[in-house]
Every structure is written in C-alpha cells, then in structure tokens.
There are 2 protein chains.
Amino acid sequence: MKISTKGHYGVQAMFDLAQRYGEGPVSLKSVADRQDLSEHYLEQLFAGLRKAGLVKSVRGAQGGYTLARAPAEIKVGDIIRVLEGPIVPVECVSEDPEQCMKAEFCITRSVWEKVRVSIEEVLDSITLADMCKDSEESRQNRNFSMYYI
Amino acid sequence: MKISTKGHYGVQAMFDLAQRYGEGPVSLKSVADRQDLSEHYLEQLFAGLRKAGLVKSVRGAQGGYTLARAPAEIKVGDIIRVLEGPIVPVECVSEDPEQCMKAEFCITRSVWEKVRVSIEEVLDSITLADMCKDSEESRQNRNFSMYYI
DNA sequence: AGATAACCAAGTAAACTAGTAGGGATTAAC
DNA sequence: GTTAATCCCTACTAGTTTACTTGGTTATCT
C-alpha cells in the first residue's frame, strides 16, 4: 500500500515548479538540488509529465520546465496517475468500466472500490496551488512563533 | 498504489471464515477451493494471521482455522496491517509518532498524510460482519430480480 | 565556440512478489 | 495403531519492479 518514489518525487518536483510559476523555465538541476533528488532520475519522470501535457519544456541554455497550466489547474491526482498509473488498489477495481468477471458477486471487491474512491477524492481535492498556499501559511506561522520566542 | 495478493487473498479468506463463523474449524483446503487460491500460499498468510491473534488453529484431521473474535470485532484494516505491514503511502508518513526530519517543513508530506488517514478510515470502518451483511443482501437482491424475470 | 540544458536508450543491482517444494508434527476416524 | 487430514515450518525460485546510473545526442542562449 505504497506509492513509489516516482509519485513521491514527482509531486515534490511539481510543487517546486509551482512555487516558481511565472518566473520562466526552471532547470531540473535546480529542482534536484533544492529537493535533494537525482537529476537524471527526474528527467525520466518529466519525460512522462511532458507527454501527459502537465509541463512544457524549453531546451538549451537557460531552458528548463514550466507548468503547462496554472497551479490551481493541476491536481495531485493528475501527477500520480501519470507517474504511478491508474489508481487501482487491486486489479479488478479499475477506474474504467468493469472487467472483473465476478464483479457483482464479489464482496471483497466493494472494499477495494471504497478504498480507491477515497484515495481519489483526496488526491483530486488537492491542487498545486493549495500546496503553495499551505506552504506560505506554514512559513508565516514559523516566523510568527520565532518573533515571540 | 496497490495492495499485493497477500492483502487481497487474505481478506477474501478471512471473509470466507467469517461466513462460516460458529460452524467449527474451516480447513484451508476448502477455503482455497472456494476462493480459487493456492492452499500452500494461504498457509503462509495464515501463519501471520495466527501470530497476530486474528485466527485460531486446530491441528489434525477435521482441523482448520476459526476467527479468534466475532466477525464484528475484526476490521479489514486489522487484516491488511498484518499482511501488508503498516499503512504508509510513503516512508515518512508512518502511523507511529513522526520520524521524518523535515516533518514540519515538508508540504508534500501533508498530502500523503491525508491519503493515509483516508485509507485507514475506510479500512477501519469495515468489519467482516459488515461484509457478511452485504453479501446476504446482495444474494437476496439477486433472488428477488430472478423472481421477476 | 562553449556552456547549459532538455532529450533518449540502455543497463543494473537489489528488493519484492507470488508463489512452489518438501518435508514434519498433530489429531480424528477407522 | 494405522491412515488420512490438517496445520506448521524452512527454504528455494522465476519473474518483475524499483530506483537509479551511464553515456550519450540535440537544441539554444551568451
């Protein structure tokens, strides 16, 4: 019941881009440095994200990646689905119309279905803009408490 | 974002035991036959379930396994945690008190935390008794519609 | 021209998955 | 007391996945 480093790092990196949205292309090297990740590994993740239309790339010196849409228009679920594949706790509970033979007779299946829906609800309710907002608030709270120490 | 066959088969098998609760020990062979699973593989799963105190075993001929508690007292989450380990979408978001160094600075972490909580809420809200009840209702609905065809 | 970057293909060590194989110990039924 | 059923235990394994690394090529800015 885990997501892999692809999804984990991918969301971190996309969040990094979101925090710099509107400031021009951001190089993967800078993302890798800030987030302490392998640049070459990030390249692989961004190949997928680009093909899925979540980021745009600019090649050459001073190039890099930018979000293809505003942070408010990109859900964490979008990123996870690209990097981890569809959200499916067990095979017979896909997001697509059913293919499980015993679908209507299988009771355990309804458990996984509920799990799937609940994960999707969480991941699709959080946008990169939400994360930027949380980050800003968390930063201010830290300054605030430091002020009173 | 998947659970393995351990958790999948484990819940199926425990549900099978729940449907026969009070009827004496149920052999893994019969479970394996009904659920179309490998008996030997189930043995491994039940070794863990027994050590965790979710089932009791009776050795020898006419032996088998029974639930250690009433179906209403066993949550799907109990089974999953035994067979899949703790519910932790990414390493730094364990159910135990925190160990992630950057816990308070890490925004993406709060996303995984929400995912973890939502999965736990689902899995801990469903007991084996609930599944038996759903199964009974589903069976009756099928009979009901057949009656009118 | 040279540096900076995205892009691409392939390899790889380690871990994990989903079992299988082969026995031993215990007990009910005959 | 023999047999068959059943749990119990250890080990092995083929295949897949994970989390990268290596080693380039191509495009663009200065």
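We name chains A, B, ... by the order of the sequence lines, and we start the count at 1 in each one.
Here A:Y65 lies in heavy-atom contact (under 4.0 Å) with sugar-phosphate atoms only. Residue B:V55 is out of contact with every strand shown, counting any heavy-atom pair closer than 4.0 Å.
Partners of A:E73 according to the side chain to side chain contact (heavy atoms under 4.5 Å, CB included) rule, which considers only residues two or more places apart in sequence or in another chain, are A:R69, A:A70. For B:E137, the salt bridge (Lys or Arg N to Asp or Glu O under 4.0 Å) criterion is met by B:K133, not counting sequence neighbours. Residues passing the side chain to side chain contact (heavy atoms under 4.5 Å, CB included) test with B:V82, sequence neighbours excluded: B:L49, B:A52, B:L54. Applying the side chain to side chain contact (heavy atoms under 4.5 Å, CB included) rule to B:K29 yields the partners B:S27, B:D33, B:E39; only residues at least two apart in sequence or on another chain are considered. Taking the side chain to side chain contact (heavy atoms under 4.5 Å, CB included) definition, one finds that A:K6 meets it with A:S4, A:Y41, A:L45, A:L83, A:E84, sequence neighbours left out. B:E136 is linked by a salt bridge (Lys or Arg N to Asp or Glu O under 4.0 Å) to B:R139, counting only residues two or more places apart in sequence or in another chain. Applying the salt bridge (Lys or Arg N to Asp or Glu O under 4.0 Å) test to A:R59 and every residue at least two apart in sequence or in another chain returns nothing.
Nucleotides of DNA chain D that come within less than 4.0 Å of any heavy atom of chain B span, from the 5' end to the 3' end, D:dA5 to D:dA11.
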Base versus backbone protein contacts along nucleotides 22-30 of chain C [heavy-atom cut-off under 4.0 Å; B, S, -]: B-BBBBS--
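A ring pair (Phe, Tyr, Trp, His ring centres under 6.0 Å) check over residues 47-87 of chain A, counting only residues at least two apart or in different chains, returns the pairs A:F46-A:Y65.
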Distance-only donor-acceptor pairs under 3.5 Å for side chains of residues 13-24 of chain B, two or more places apart:
{"from": "B:D16", "atom 1": "OD1", "to": "B:R20", "atom 2": "NH1", "distance (Å)": "3.2"}
{"from": "B:D16", "atom 1": "OD1", "to": "B:R34", "atom 2": "NE", "distance (Å)": "3.2"}
{"from": "B:D16", "atom 1": "OD1", "to": "B:R34", "atom 2": "NH2", "distance (Å)": "2.7"}
{"from": "B:D16", "atom 1": "OD2", "to": "B:R34", "atom 2": "NE", "distance (Å)": "2.9"}
{"from": "B:D16", "atom 1": "OD2", "to": "B:Q35", "atom 2": "NE2", "distance (Å)": "2.7"}
{"from": "B:Q19", "atom 1": "NE2", "to": "B:S135", "atom 2": "OG", "distance (Å)": "3.4"}
{"from": "B:R20", "atom 1": "NH1", "to": "B:D16", "atom 2": "O", "distance (Å)": "3.0"}

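Salt bridge status for B:D124 with B:R81: present, with a side-chain N to carboxylate O gap under 4.0 Å.
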Which pairs, protein N/O on one side and nucleotides 11-17 of chain C N/O on the other, fall under 3.5 Å?
none

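As rounded to whole Å, 14 Å separates atom C1' of C:dA18 from atom CG of B:L83.
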